[in-house]
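Each ligand, and each atom within it, is numbered from 1 in the order the structure gives.
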Amino acid sequence: MRLSKYFLPILKENPKDAEIVSHRLMARAGMIKQQSAGIYSWLPLGKRVLDKVNTIIREEQNRSGAIEILMPTIQSAELWQESGRYDDYGQEMLRIEDRHERPMLYGPTNEEMVTDIFRSYVRSYKSLPLNLYHIQTKFRDERRPRFGTMRSREFLMKDAYSFDIDKEGAVHAYNRMFTAYLRTFDRMGLKAIPMRADTGPIGGDLSHEFIILADTGESEVFCHKDYLDFPIPADVTDFDDKAGLQAIVDKWTSRYAATSEMHDEAAWDAVAEGEKLSARGIEVGHIFYFGTKYSEPMKGMVMGPDGREHPVHMGSYGIGPTRVVAAIVEASHDENGIIWPKGVAPFDAGLINMKPGDAACDAACEKLETALEAAGLEVLYDDTDERAGAKFATADLIGLPVQVIAGPRAVAEGNVEIKIRATGERETLAIDDAINRLTQAR
Ligand code: ATP
Ligand code: MG
């Protein structure tokens with residue numbers, strides 16, 4: 001992609017209302033534009049990151065056995081009246097009326113609708129287990145939308161819903177998602193720690209929030225340091241191996257980890273002083289087993305092996321991709337801008353032509369662009385007439401993992417410079433060596 005033909009509206013100034021660094025950097029890097037309170041457009045650079053995040057989520061959901069669907073954003077109030085949540089949900093729910101004066105709503109979540117899909121088709125335990133997910137826009141009329149896409153009113157959510165004949169099956173479904181989430185966040189370059197979350201009236205211990213440690217996080221969290229180095233389950237993990245997955249979940253819940261709502265002072269005191277990590281955190285995912293809470297009132301029944309009808313056991317599993325993008329920036333930046341982890345970078349490499357119009361620089365850059373793209377790398381080629389300083393500042397701000405810099409002096413000797421964004425390391429290499437280095441590092 002040539003920058004001269006791209007749409008990258010870089011801002012020189014921080015937006016006034018941007019209180020946290022991720023909001024400032026995402027706005028300045030031309031990733032997002034606010035349209036009204038808590039409602040954002042995703043501009044090209046932001047859209048690319050969001051797509052990468054969604055791709056990772058999809059791949060890991062599919063790997064774990066979940067199946068993708070797409071439910072609508074607008075829902076009929078009737079379903080919510082059936083579950084009893086229509087009145088309970090309160091002002092966060094955006095209620096609307098169609099031209100026939102029928103009450104509708106913009107979905108804040110989809111438990112009711114997915115239960116309706118389930119009950120329309122599934123009759124027998126033989127069709128279970130089943131886990132259906134979608135990645136769809138949600139709306140919650142948050143009291144205080146803030147921090148950019150971190151807490152917005154309109155946001156994207158991946159929400160998955162599992163169906164099992166009994167609690168034992170549902171626990172396995174829960175463990176599948178727990179494991180998938182560990183892999184998902186790791187692939188995005190995030191250290192997400194599962195922390196016990198409130199299960200409300202359902203009870204039990206099957207609810208975890210996946211939390212990123214960051215100073216600007218909205219929740220106060222307490223956890224054992226060991227979690228920072230626990231191993232992430234491999235891509236060959238067998239998601240049908242019940243005992244294997246239980247062992248992963250047992251390990252990842254073996255140390256203390258809780259948000260302030262679930263904090264237990266006595267248990268915390270038992271953790272050795274040097275092992276304690278008390279910090280602030282961002283909730284990027286939430287998984288929850290809620291049994292028959294919706295299937296009972298909504299008659300989501302299945303025939304069991306005993307020949308009788310049972311309400312199906314359900315769980316729901318959310319990740320907020322639009323919040324995740326902000327959380328990644330919050331966790332990975334420096335004073336010059338964003339530092340994208342490889343897995344989610346909008347482009348793999350930036351190519352900077354220091355003197356467009358100079359025949360040797362142009363030829364070197366075109367050679368690099370062609371070779372890197374042929375090897376499957378996504379390259380953003382800065383072929384604009386900006387000053388060198390402005391080009392470097394933009395490159396650092398948008399945070400591509402590697403920058404290839406082609407200046408007239410180096411190019412005259414057949415060389416270019418490579419800069420690693422994360423460390424600032426620079427190295428001068430022959431053009432062909434630079435191509436080899438970058439294509440092999442993939
Ligand atoms: P919070 O406690 O932060 O308000 P929640 O517990 O209400 O979130 P869930 O219903 O568990 O959120 O939603 C699942 C996921 O959706 C969250 O873990 C988060 O990643 C994302 N999410 C929820 N609300 C928002 C929001 N207002 N803006 C962006 N993402 C959100
Ligand atoms: Mg939550």
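- At under 3.5 Å, a nitrogen or oxygen of S152, whether backbone or side chain, sits near a nitrogen or oxygen of ligand 1.
- Nearest protein heavy-atom contact of atom 24 (N) of ligand 1 is F155 CZ, 3.5 Å.
- Contacts with ligand 1 closer than 4.0 Å are made by side-chain heavy atoms of M157 only, the backbone lying farther away.
- When each of R421, R426, E425 is paired with T423, the side chain to side chain donor-acceptor pair (under 3.5 Å) condition holds for E425 and for no other.
- Protein heavy atom at the shortest distance from atom 11 (O) of ligand 1 is H286 ND1, 3.1 Å.
- The nearest N/O/S atom of H286 to the Mg ion (ligand 2) is ND1.
- With ligand atoms numbered from 1 in the order given, ligand 1 contributes 18 (O), 20 (O) to contacts under 4.0 Å with heavy atoms of V284.
- Here R323 has side-chain heavy atoms under 4.0 Å from ligand 1, and that is the only part of it that gets that close.
- Here's the thing with T322: none of its N/O atoms is less than 3.5 angstrom from an N/O atom of ligand 1.
- In terms of protein heavy-atom proximity, atom 15 (C) of ligand 1 is nearest to G320 N, 4.0 Å.
- The environment of Q35 atom CD is dense: over 12 non-hydrogen atoms of other residues, nucleotides or ligands sit within 6.0 angstrom.
- K299 has no carboxylate O lying under 4.0 Å from a charged side-chain N of E82, or vice versa, which leaves the two without a salt bridge.
- A salt bridge does not link K342 with D348: none of the charged nitrogens is closer than 4.0 Å to a carboxylate oxygen.
- Judged by a 6.0 Å distance limit and a 45° cone about the ring axis, K33 is not positioned over the six-membered ring of Y40.
- Of all protein heavy atoms, the one lying nearest to atom 4 (O) of ligand 1 is R151 NH1, 2.9 Å.
- At a threshold of 4.0 Å, the pair E78-R102 does not count as salt-bridged, since none of the basic side-chain nitrogens sits closer than that to a carboxylate oxygen.
- At least one N/O-N/O distance between R140 and ligand 1 falls below 3.5 Å.
- As for E283, its N/O/S atom nearest the Mg ion (ligand 2) is the one called OE2.
- By the criterion of a heavy-atom distance under 4.0 Å, the backbone of M150, and not its side chain, is placed next to ligand 1.
- At most 12 non-hydrogen atoms from other residues, nucleotides or ligands lie less than 6.0 angstrom from CG of D215.
- In R153, neither the side chain nor the backbone holds a heavy atom less than 4.0 Å from any atom of ligand 1.
- For W252 and F178, the ring centers are positioned 6.0 Å apart or more.
- Checking R140 against Y106 by side-chain atom types alone, no donor-acceptor pair falls below 3.5 Å.
- Here the protein heavy atom with the shortest distance to atom 17 (C) of ligand 1 is E283 OE2, 3.3 Å.
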Does S36 form a side chain to side chain donor-acceptor pair (under 3.5 Å) with Q34? I'd like the steps, not just the answer. CA-CA 6 Å; S36 50; Q34 183 174 324; over 6 Å; no

